[in-house]
Amino acid sequence: MEELKEWCHLIPKIELHAHLNGSIRDSTLFELAKVLGEKGVIVFAAVEDVIMKSGRSLPECFQLFDLFHILATDHETVARIAKEAIEDFAAENVVYIELRTTPKNNESKGMTKRSYMEAVIKGLRAIETVSVYFLNTDDSTDNSIEAIPTNDIHGAKKKNIYVRLLLSIDRRETTAAAMETVDLALELKDLGVVGIDLSGNPVVGEWNTFLPALTYAKEQGLPITLHCGEVPNRKEVQSMLDICPQRIGHACFLENEEWERVKSSKIPVEICLTSNLRTQRLESIDRHHFADLYKAKHPMVLCTDDPGLFSTSVSNEYYLAASTFGLSKGELIDLAQNAIEFVFASDGVKKALTDIIQAAKRELQQ
Ligand SMILES: CNc1ncnc2c1ncn2[C@@H]1O[C@H](COP(=O)(O)O)[C@@H](O)[C@H]1O
Ligand SMILES: [Zn+2]
């Protein structure tokens, strides 16, 4: 068991579904809560209880996000959590990540959606312990771009990681706010923004509110990934599939007819095992739709969703998949490799990632 865990840690991995504010280190969260507690903004003891709770219902998760957003509202903190999140992913041999976050307006802090994103980018630039490649200046026809050095998988040398950003539209937002996010994504393309996500409390908001912004993103050539079927809502799932998103996340409550559509159009699914288990989207992990999709060779990728919130890591998600569904080491590394095909970065990056995983395969098999 320990050996399998070690293998899951060592192999180069690709993370395509992680929310920035769901990736805050526990130690940082406590530190921030303590400071705000001392200032009298929050009651630290009450917050401590919420943070420490292990099983959380989906509504409780969204209460916690409201708290996270109180803790992490100023630019400096946003930069810090972005920096730390990437350091943590790189430390476990994630070589490519699409980190998603909701750009936020916060007048009292002088924050606009744009300045929020600038803080995230500032955090990426501040990373020194890891080599971060996040500029999206690569031409998709140029295979020679930014070929990052292959990681020394045994960890002696500095790690390398490609970072790309997805801007999330929160389901609480208005059409105008969602449009603003898409415009911002277009403006920040050269700074590593590669797509749009729709997330937030799945029982809040109406599909028609987000549709104009998502359609606009599509028209502008920005790839889209949608939190789809996190709660039963057949009509919305169908509308989501109608716009042909490049990927979907979760897909916990799909009826057979919708699964047929997902499968026949080969829409890649971002699988978040721990998140689904912890938010009680299923009774037990062995009942997860991963098993069916894996058997059908459907494109999918193992992701954390919120590694901080759910105390997990990408390595742990691989371990969980292997130990629950009996995957071999070779199958695990193939899962990571297959995910390259549906990342939103350029062909040059895809080629570089293929080389990295191939090299690791050779080294680990020796
Ligand atoms: C548990 N499953 C989930 N379902 C839906 N949305 C989720 C989510 N987990 C996270 N988010 C979305 O990501 C935000 C936090 O990161 P950012 O502030 O954007 O960096 C949450 O407020 C929510 O909108
Ligand atoms: Zn999510």
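Whatever order the structure lists them in is the order used to number ligands and atoms, beginning at 1.
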Practice task
Decide, yes or no, whether a salt bridge links Lys83 with Asp88 under the criterion of side-chain N to carboxylate O below 4.0 Å.
Solution key: no
Fill in the blank from the handout: Short version for Asp306: what comes under 4.0 Å of ligand 1, heavy atoms counted, is side chain
Practice task
Please confirm whether Ser168 comes within less than 3.5 Å of ligand 1 when only nitrogen or oxygen atoms on both sides are compared.
Solution key: no
Problem - Partners passing side-chain hydrogen bond (donor to acceptor under 3.5 Å, both in side chains) against Asp74 (at least two apart in sequence or in another chain) - result: Thr77
Practice task
Indicate yes or no: does Asp355 engage Lys351 in a salt bridge with an N to O separation below 4.0 Å.
Solution key: yes
Practice task
Measure Asp170 to ligand 1 on non-hydrogen atoms and call it side chain, backbone, both or neither using the 4.0 Å cut-off.
Solution key: side chain
Problem - NZ/NE/NH1/NH2 to OD/OE distance under 4.0 Å, Glu173 and Lys113 - result: yes
Practice task
Pick one of side chain, backbone, both or neither for how Phe62 approaches ligand 1, counting any non-hydrogen atom pair under 4.0 Å.
Solution key: side chain
Exercise for the section: Indicate, with yes or no, if the rings of His298 and His289 have centres closer together than 6.0 Å. Expected result: no
Exercise for the section: Return the orientation label for the His227 and His17 ring planes: parallel under 30°, perpendicular over 60°, tilted otherwise. Expected result: perpendicular
Handout entry: CZ on Arg278 to CG on Leu309, rounded to 0.5 Å
Key = 7.5 Å
Practice task
Check ligand 1 against Leu20 and write out every atom of the ligand that is under 4.0 Å from a heavy-atom position of the residue.
Solution key: 20 (O)
Completion exercise
For atom 19 (O) of ligand 1, the closest protein heavy atom turns out to be Thr102 OG1, 2.5 Å
Can you give each donor-acceptor pair under 3.5 Å made by side-chain atoms of residues 247-254, sequence neighbours left out, with the distance rounded to 0.1 Å?
unit_1	atom_1	unit_2	atom_2	d
Arg247	NE	Glu270	OE2	2.7
Arg247	NH1	Glu98	OE1	3.1
Arg247	NH1	Phe342	O	2.9
Arg247	NH2	Leu16	O	3.4
Arg247	NH2	Glu98	OE1	2.8
Arg247	NH2	Glu270	OE2	3.3
His250	ND1	Asn276	ND2	3.0
His250	NE2	Asp305	OD2	3.3

Handout entry: Ionic contact status for Arg234 with Glu258, cut-off 4.0 Å
Key = yes
Practice task
Could you tell me whether Arg171 approaches ligand 1 through its side chain, its backbone, both or neither, with non-hydrogen atoms closer than 4.0 Å?
Solution key: neither
Practice task
Considering the heavy atoms of His19, write down every atom of ligand 1 situated less than 4.0 Å from one of them.
Solution key: 7 (C), 8 (C), 9 (N), 10 (C), 11 (N), 12 (C), 13 (O), 16 (O)
Completion exercise
Note on the Zn ion (ligand 2): protein N/O/S atoms within less than 2.8 Å are His17 NE2, His19 NE2, His227 NE2, Asp305 OD1
Exercise for the section: Report the nearest protein non-hydrogen atom to atom 6 (N) of ligand 1: residue, atom name, distance rounded to 0.1 Å. Expected result: Gly200 N, 2.9 Å
Exercise for the section: Would you kindly specify which portion of Asp305 sits under 4.0 Å from ligand 1, judged on non-hydrogen atoms: side chain, backbone, both or neither? Expected result: side chain
Handout entry: Glu317 side chain to Thr304 side chain, donor-acceptor N/O pair below 3.5 angstrom
Key = no
Handout entry: Salt bridge flag under 4.0 Å for residues Glu187 and Arg114
Key = yes
Problem - Ligand-side contact atoms (ligand 1) for residue partner Thr101, heavy atom cut-off under 4.0 Å - result: 17 (P), 19 (O), 20 (O)
Exercise for the section: Answer yes or no: does an N/O atom from Pro202 fall short of 3.5 Å to an N/O atom of ligand 1? Expected result: no
Practice task
Only counting residues at least two apart or in another chain, list the ones meeting ring-ring contact (aromatic ring centres under 6.0 Å, His included) with Tyr294.
Solution key: Phe290
Problem - Option among Lys158, Lys159, Arg25, Arg80 that satisfies the salt bridge (charged side-chain N to carboxylate O under 4.0 Å, His left out) test with Glu87 - result: Arg25
Practice task
Only heavy atoms count here, so choose which of His69, Glu230, Arg100 is nearest to atom 2 (N) of ligand 1.
Solution key: Glu230
Handout entry: Per-atom contacts of ligand 1 with Asn21, taking only distances under 4.0 Å to non-hydrogen atoms
Key = 15 (C), 16 (O), 17 (P), 18 (O), 20 (O)
